[in-house]
Amino acid sequence: MAKTYLEWTKENKSRDKDDRGRYENHLKTPLEKKKLNEISSFTLEKLKSDLTKKELSPATVKHCLVLVREIFNKAIEWGKYKGANPVKGVKMPTLSNARERFLSHEEADLLLKEVKVVSEAVHDQALLSLHCGLRAGEIFNLRGQDLDFQNGLIRVMDPKNKANRTAFMTEAVKEMLKRRLPDNLNDRIFSDWWHGEEIKLVSRTFARAVERLGFNKGVEDRRQRVVFHTLRHTFGSWLAIQGTPILTIKELMGHKTLAMTERYAHLIPDVKKEATRTLEANFNAVRNGRVVSNEEARAKETTA
């Protein structure tokens, strides 16, 4: 069944090599000789434990279990297996892989310049992620018809969470996109220049630029490593640092739930203390017979 499934993925999944690698490296030996009805939730709990003991990351273990789940789902769909999917009874590993590292303005400027030396296209993709918060897949999917230069808007179509959203162009992004606007507005902004096809993965040019700058030197925790997605995380972090409301960040990032955005909350300036001090200043001003504006109250507090 696994062999049948992996043959199907060649034509139907863009990252079938990942599934093939997980099966060959982690699932084939413990499972290939078992019949489908011999694989129970208990079998898979033991498999999860064994993979964890091999010091595989929780994410890798989860990906392996998801692959088993998909194989069973297809077996049921194709009429090759009758019964419940045993993965339903397995508790998935808890992941703690949210990105923490974000770039300073100086680091971001260095990185963009370093990438541009080698590839204008990769530089422009990085600029879109850094200035507009777009995911790599959203960037590769952009077409001329998605751009509204008059209002400085980018329509992000069919993103990861299946809900379209609007991104806003900075001046640098607007100038870049005008240069890249295709004659046929149905065409993609970026495509594989060698084959003229859709880009599926971020170019290694980006990783090599990061390596040359030494951003990841000695960094083993993947949450602290600089990758292309770090640019989008930097966009969210910069928004928080400048005091952007959390709900606005959620909308600009295209997060499905507020919980996904709350990781940026600790970066938002502590306005609660300032609000309380302004309240007190206004109260004292009224008590003294004079009403002052919030700006004046804050200025007075700062001076004090």
Side-chain angles (χ1 to χ4, degrees), residues 1-99 135-137 140-141 158-162 192 194-195 197-208 210-211 216 219-230 256:
M1 189 61 228
K3 182 179 178 180
T4 302
Y5 174 81
L6 292 171
E7 284 297 320
W8 175 83
T9 61
K10 284 184 180 180
E11 302 296 328
N12 295 279
K13 289 185 72 175
S14 61
R15 305 188 73 169
D16 67 293
K17 289 182 180 179
D18 292 342
D19 282 347
R20 196 171 304 278
R22 290 179 189 118
Y23 179 74
E24 293 291 334
N25 295 326
H26 308 305
L27 300 176
K28 185 175 182 179
T29 299
L31 297 181
E32 71 168 336
K33 294 183 179 180
K34 291 184 180 293
K35 295 180 179 179
L36 291 177
N37 60 9
E38 294 176 337
I39 301 175
S40 65
S41 297
F42 179 79
T43 305
L44 297 177
E45 282 287 0
K46 185 177 185 307
L47 172 66
K48 181 180 75 172
S49 177
D50 291 342
L51 293 177
T52 302
K53 288 176 182 176
K54 291 181 180 179
E55 297 187 352
L56 295 182
S57 71
T60 299
V61 176
K62 182 177 180 178
H63 284 312
C64 288
L65 291 171
V66 168
L67 175 55
V68 174
R69 181 175 66 195
E70 290 177 348
I71 293 173
F72 268 94
N73 283 342
K74 282 300 176 187
I76 294 169
E77 182 182 326
W78 294 335
K80 295 179 177 293
Y81 175 71
K82 292 182 179 180
N85 192 323
V87 182
K88 288 183 178 179
V90 180
K91 181 175 174 59
M92 290 290 183
T94 301
L95 305 186
S96 178
N97 58 359
R99 293 283 165 192
R135 302 176 179 93
F140 302 151
N141 223 17
D158 192 28
K160 184 179 178 181
N161 64 19
K162 308 302 181 186
D192 182 341
W194 187 261
H195 300 100
E197 299 174 350
E198 178 187 0
I199 301 173
K200 298 292 181 67
L201 298 172
V202 175
S203 169
R204 283 286 302 163
T205 295
F206 184 84
R208 285 193 285 265
V210 171
E211 185 177 352
N216 290 334
V219 180
E220 296 182 1
D221 187 342
R222 65 183 301 278
R223 295 170 298 179
Q224 301 292 349
R225 293 180 64 81
V226 175
V227 296
F228 191 84
H229 193 75
T230 302
K256 194 171 185 179

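Keep in mind the model is a prediction, meaning the values are calculated, not measured.
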With a 4.5 Å heavy-atom cut-off, do Glu70 and Val66 have their side chains touching?
yes
Which atom names give the shortest non-hydrogen contact between Arg20 and Leu6, and what distance separates them?
NH2-O, 2.9 Å
Please test Lys54 against Asp50 for salt bridge (charged side-chain N to carboxylate O under 4.0 Å, His left out), starting from the C-alpha separation and ending with a verdict.
CA-CA 7 Å; Lys54 291 181 180 179; Asp50 291 342; over 6 Å; no
Determine whether more than 12 heavy atoms belonging to other residues, nucleotides or ligands lie under 6.0 Å from atom CD of Glu32.
yes
Rounded to the nearest 0.5 Å, what separation is found between the NZ atom of Lys74 and the OG1 atom of Thr9?
11.0 Å
Are the side chain of Arg225 and the backbone of Val219 linked by a donor-acceptor contact shorter than 3.5 Å?
yes
Asn141 side chain vs Gly137 backbone, donor-acceptor pair below 3.5 Å:
no
Can you confirm whether Glu77 is buried at CD, in the sense that more than 12 heavy atoms of other residues, nucleotides or ligands lie under 6.0 Å from that atom?
yes
Closest approach of Ile39 and Leu31, non-hydrogen atoms and distance?
CD1-CD2, 4.3 Å
Considering non-hydrogen atoms only, spot the tightest contact between Ile71 and Met1 and give its length.
CG2-CG, 3.7 Å
Can you name the nearest heavy-atom pair linking Leu67 to Tyr5, along with the distance?
CD1-CE2, 3.6 Å
Not counting sequence neighbours, list each pair that qualifies as a side-chain hydrogen bond (donor to acceptor under 3.5 Å, both in side chains) and has a residue in residues 36-45.
Ser40-Thr43, Glu45-Lys48
Shortest non-hydrogen contact from Met92 toward Val87
CE-CG1, 3.8 Å
As an exercise, state the distance from NZ of Lys80 to CG of Leu36, rounded to the nearest 0.5 Å.
10.0 Å
Contact between Pro30 and Leu51 at the side-chain level, heavy atoms closer than 4.5 Å - yes or no?
no
Rounded to the nearest 0.5 Å, what separates atom CG in Leu27 from atom CG in Asp19?
9.5 Å
Measuring from atom CG of Asn85 to atom CG of Asn73, what distance do you get when rounded to the nearest 0.5 angstrom?
5.0 Å
To the closest 0.5 Å, what do you measure between CG (Leu47) and NE2 (His26)?
10.0 Å
Distance check, rounded to the nearest 0.5 Å: Phe206 atom CZ versus Thr230 atom OG1?
6.5 Å
Begin with the C-alpha distance, continue with both residues' side-chain angles, and end with the deciding distance and a verdict on side-chain contact (heavy atoms from CB on, under 4.5 Å) for Phe140 and Leu201.
CA-CA 9 Å; Phe140 302 151; Leu201 298 172; 5.8 Å; no
